[in-house]
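Throughout, residue positions are numbered sequentially from 1 according to the sequence presented.
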Amino acid sequence: MQFPGRRKKVIGSSQNDLYDHCLQFYGQPPLENISLTEFETFAVERLKLLKSVENIGVSYVKNSEQYVKKLDAEFSSLNFPLRTELGDRRVQGGTSEYEKRRKDHISHFILRLAYCQTEDLRRWFIQQEMDLFRYRFGELTSKHKTDFLHKNNLKYETVSAEEKKSLKDKLITSSYGLSGITVEEYDFYKVPFQDALDLVRTRKVYLLAGNAYIPHHEIVTIVLNDFRTRLSKALAMTARSLPAVQSDERLQPLLSHLSHAYVGQDYSIQKNMGKISLEQIDALSGKSFPLCMRHLHKALRENHHLRHGGRMQYGLFLKGIGLTLDQALQFWRSEFVKGKVDADKFDKAYAYSVRHMFGKEGKRTDYTPYSCMKVILSNPPSQGDYHGCPFRHSDPELLKQKLQNYKVSPSGINQLLPMLAEILELVKGMHYQLACQKYFELTHNVEDAGFSLNHPNQYFTESQKLLGGGLEIKKEVDMSQRSQENPANMTRPSQANSKQAHEEMGDLDSFFQDE
């Protein structure tokens, strides 16, 4: 699948026609050959972009100044197209606009292949692509918006200045947030009313002679509806043809990996190996473990056993935070023998799997701790299992009880309830990682975590940085409550307990501060 040497000469003119606008509906699939390396690189970078769109969209008001600024930065860092003019000129030795548009086009179709496989994946992909499209369309000038509409056979007529003047009062009355000045300054589009039913239903537009007069800031609603319809149909068609693509042994592993892909830091590199003692695990589980690992730790301590899915998820997490192989064997053995497993049975039936996690048995693969996407999307828990993501796999009422039980709120129930409601709303919207990030802010008593959560071990690392003095703790409204807190629950240990806490956690804190 290497690049053919005459690619640009053979298909150059058609590709220039395809990329003559910085935005497209992705109606025509790419026809050129690309290398497997470029195939994977394009896919991973678009996946990073869509993840950023999701995270920024929940953290900031969509289309606000901060939202646009953050997405501008992501586009720039990942080399996706922003400029409206096409050219081969490279900016300061960087990527040309043509190459960025080509990457945008190809990467979209690659992720179609990966995200057409299930309803959940399709829904997530459509939502992020729509948010991305809305942002990009909103950044276009009036001329480029009109060019885009005409290029895609959405030939909506721009209302002339004379017609706007004659209908000025009616346009102001029927269109939200408009004044006489804005009517004169901004474009209006004349659209058949059947193409604007959402706007007609909500009475946001003026109707005359079968046409809806759409103000410039509402035309994106029409275009987005069209984009959603096209993309939804395209994903359904892609899903039907997927078996033929998956039969290619070069592509099948890549496509399977992409839908569960983790694109953040590699936590299989244990810089902190041996930094944690077994005696610290109970204390750390209450302070710095994400909810999924805290749930597994609690189940292990209560039942003295975990099934294979739980042992893999929790065992690799512990490996990632610094347990050595010897410590892991001691940890699992000491817990299992408290239940129905004696030492001999543990050595025969379970010790092998622990050594296997560390790459000492079988294929000798050094396994990586599970990312959030892997925990959420693979191997859902059944009856008697404790692995998985509590935000994804728990009943909402049980999840609410867990969150209330695990959170000791220094500022009382008045602060806790609104944040719980916000977490449950994120869960309802299937933003499971963002719900976990909000849980981090709740349990660590900070306004903004300052990172996008993608991995349980990232949660642990950020927690340790924070508890070691990395971020400013938000101030409590009622200072009298602080004096009534149990010192063990305070972010900083009391003077009486500080020496003991420092001796217990000192090496660990200093490690994470040095990172």
Hey, can you tell me if [X] and [Y] have their rings parallel, tilted or perpendicular (30° and 60° cut-offs)?
| X | Y | answer |
| --- | --- | --- |
| His108 | Phe227 | tilted |
| Phe80 | Phe75 | perpendicular |
| Tyr439 | Tyr459 | parallel |

With sequence neighbours left out, write down each residue that passes side chain to side chain contact (heavy atoms under 4.5 Å, CB included) with Thr221, or none if nothing qualifies.
Leu199, Glu218, Asn225

For Arg122, give me all partners under side chain to side chain contact (heavy atoms under 4.5 Å, CB included), at least two apart in sequence or on another chain.
Glu119, Leu235, Ala239

Holding to side chain to side chain donor-acceptor pair (under 3.5 Å), I want the full list of residues that pass it with Tyr67, two or more places apart in sequence or in another chain.
none

Face-on cation placement of Lys62 at Tyr135 ring, 6.0 Å and 45° thresholds:
no

Quick check: Tyr206 with Tyr213 (ring centres under 6.0 Å apart)?
yes

Taking the six-membered ring for Trp, is the centroid-to-centroid distance between Tyr98 and Tyr19 below 6.0 Å?
yes

Assess whether side chain to side chain donor-acceptor pair (under 3.5 Å) is satisfied between Ser463 and Lys287, documenting all intermediate values.
CA-CA 8 Å; Ser463 173; Lys287 291 179 179 180; over 6 Å; no

Test side chain to side chain donor-acceptor pair (under 3.5 Å) on Tyr314 and His297 and set out the steps.
CA-CA 8 Å; Tyr314 189 42; His297 181 78; 2.6 Å; yes

Give a yes-or-no answer on whether the side chains of Arg101 and His105 include a donor-acceptor pair shorter than 3.5 Å.
no

Whether the Asn79 and Glu45 side chains hold a donor-acceptor pair (N or O, under 3.5 Å, no angle test) is what I'd like checked.
no

Look only at the side chain of Lys233 and the backbone of Arg228, and say whether a donor-acceptor pair between them is shorter than 3.5 Å.
no

Main-chain N/O of Val446 paired to His444 side chain as donor or acceptor, under 3.5 Å
no

Between Phe148 and Phe133, does a ring-ring contact (aromatic ring centres under 6.0 Å, His included) hold up when you go through it step by step?
CA-CA 12 Å; Phe148 176 83; Phe133 186 94; 5.8 Å; yes

Over all atoms of both residues, closest heavy-atom pair of Asn152 and Arg230
O-NH2, 3.5 Å

Residues passing the salt bridge (charged side-chain N to carboxylate O under 4.0 Å, His left out) test with Arg240, sequence neighbours excluded, are none

Could you list the residues that satisfy salt bridge (charged side-chain N to carboxylate O under 4.0 Å, His left out) with Lys145, not counting sequence neighbours?
none

Identify all side-chain donor-acceptor contacts of residues 417-430 below 3.5 Å with residues at least two apart in sequence or on another chain.
unit_1	atom_1	unit_2	atom_2	d
Glu422	OE2	Lys438	NZ	3.3

Apply the test salt bridge (Lys or Arg N to Asp or Glu O under 4.0 Å) to residues Lys151 and Asp20: give CA-CA distance (whole Å), side-chain angles for both, the deciding distance (0.1 Å), then the verdict.
CA-CA 10 Å; Lys151 181 178 172 61; Asp20 64 355; 3.1 Å; yes

